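One structure is given here, and the rest of the page talks about it.
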Amino acid sequence: MKKSKIAKIIWVLLIIIMILGIGCLFFLPRLYDLFKDPSIETFGEHTLIYKTAFFMCYIICFIIIYELICLFKYVFSDTPFKKEVEKILKLCAILFMLIFLIVTIKAFFIPTILTFGVAFVCLLASLSFYCLAEVIKAAICYKNEIDYTV
């Protein structure tokens, strides 16, 4: 399948985001303190559970970006109608739902508009990835039926 220019740009952006994210991992507490609301505690003053959840969300985002990079590889290698593409999309849906749950639980302790916005976006992303996975699953079935007919 031919790569479009937009797809190449998105693929390169995902790789750049992955590299920058790995670089920022070591400075994450300082970045948190830099961009936080003044009424919220510094990163070091939060509980261990909060810090663990924060880093879990960060790692989950890395996994999502890696899976999206792999998705581009599968889509442009031959055909997007592969079982691996469906699995990647379902995994991304599950990971976004996991972030939604973590952020929603965090909202009980530190309720902010941004927290609810992130939770809502993660919920929508999860549902979107799941719907797309089901569409790809149906397309794979139709493609296999057509291949068997021919």
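Just so it is clear, the structure is predicted and the values come from calculations on it, not from any experiment.
Qualifying salt bridge (charged side-chain N to carboxylate O under 4.0 Å, His left out) partners for Lys83, counting only residues two or more places apart in sequence or in other chains: Glu86. For the side-chain contact (heavy atoms from CB on, under 4.5 Å) test, residues two or more places apart in sequence or in another chain that qualify with Ile10 are Ile6, Leu14, Phe72. Residues meeting the salt bridge (charged side-chain N to carboxylate O under 4.0 Å, His left out) test with Lys137, sequence neighbours left out: none. Annotation: side-chain hydrogen bond (donor to acceptor under 3.5 Å, both in side chains) contacts of Lys87 (sequence neighbours excluded): none. For Glu84, there are no side-chain hydrogen bond (donor to acceptor under 3.5 Å, both in side chains) partners at least two apart in sequence or on another chain.
Identified under the ring pair (Phe, Tyr, Trp, His ring centres under 6.0 Å) test for residues 21-44, with sequence neighbours left out: Tyr32-Phe43, Tyr32-His46, Tyr32-Phe54, Phe43-Phe54, Phe43-Phe55. Screening residues 15-35 for salt bridge (Lys or Arg N to Asp or Glu O under 4.0 Å), with sequence neighbours left out, gives no hits. Residue pairs meeting the salt bridge (Lys or Arg N to Asp or Glu O under 4.0 Å) criterion with at least one member in residues 122-135, sequence neighbours excluded, are Lys90-Glu134.
Residue Met97 is not grouped with residue Val103 when hydrophobic side chains (ILVMFWY) are merged at heavy-atom distances under 4.5 angstrom, including chains of intermediate members. When the side chains of ILVMFWY residues are joined at heavy-atom separations under 4.5 Å, either directly or via intervening members, Leu25 and Tyr50 end up in a single hydrophobic cluster. Connection of Phe100 to Leu132 is not established within any shared hydrophobic cluster, with ILVMFWY side chains joined at heavy-atom distances below 4.5 Å, either directly or through further cluster members. Under the 4.5 Å side-chain contact rule for hydrophobic residues, Met18 and Ile16 share a cluster.
Cluster partners of Ile94 are absent, since no Ile, Leu, Val, Met, Phe, Trp or Tyr has side-chain heavy atoms less than 4.5 Å from it. In this structure, Leu48 shares a hydrophobic cluster with no other residue, the cluster being traced through Ile, Leu, Val, Met, Phe, Trp and Tyr side chains under 4.5 angstrom apart.
Distance check, rounded to the nearest 0.5 Å: CD1 of Ile49 to OG1 of Thr52 gives 7.5 Å. For the atom pair Leu28 CG and Leu34 CG, the distance stands at 11.5 Å (nearest 0.5 Å). Atoms SG and CD1, from Cys131 and Ile136 in turn, are 12.5 Å apart once rounded to the nearest 0.5 Å. Within the model, atoms SG of Cys57 and CD1 of Ile99 stand 5.5 Å from one another, a figure rounded to the nearest 0.5 Å.
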Donor-acceptor pairs are to be reported for all side-chain atoms of residues 115-128 against protein atoms at under 3.5 Å, with residues two or more places apart or in another chain.
from: Thr115; atom 1: OG1; to: Lys106; atom 2: NZ; distance (Å): 2.8
from: Thr115; atom 1: OG1; to: Thr112; atom 2: OG1; distance (Å): 2.7
from: Ser126; atom 1: OG; to: Ala93; atom 2: O; distance (Å): 2.8
from: Ser128; atom 1: OG; to: Leu124; atom 2: O; distance (Å): 2.8

Under 3.5 Å, sequence neighbours excluded: what are the donor-acceptor pairs made by side chains of residues 58-71?
from: Tyr58; atom 1: OH; to: Gly21; atom 2: O; distance (Å): 2.8

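A 6.0 Å sphere centred on CD1 of Ile113 holds no more than 12 heavy atoms belonging to other residues, nucleotides or ligands.
Checked against the 6.0 Å centroid threshold, Phe129 and Phe96 count as a close aromatic pair.
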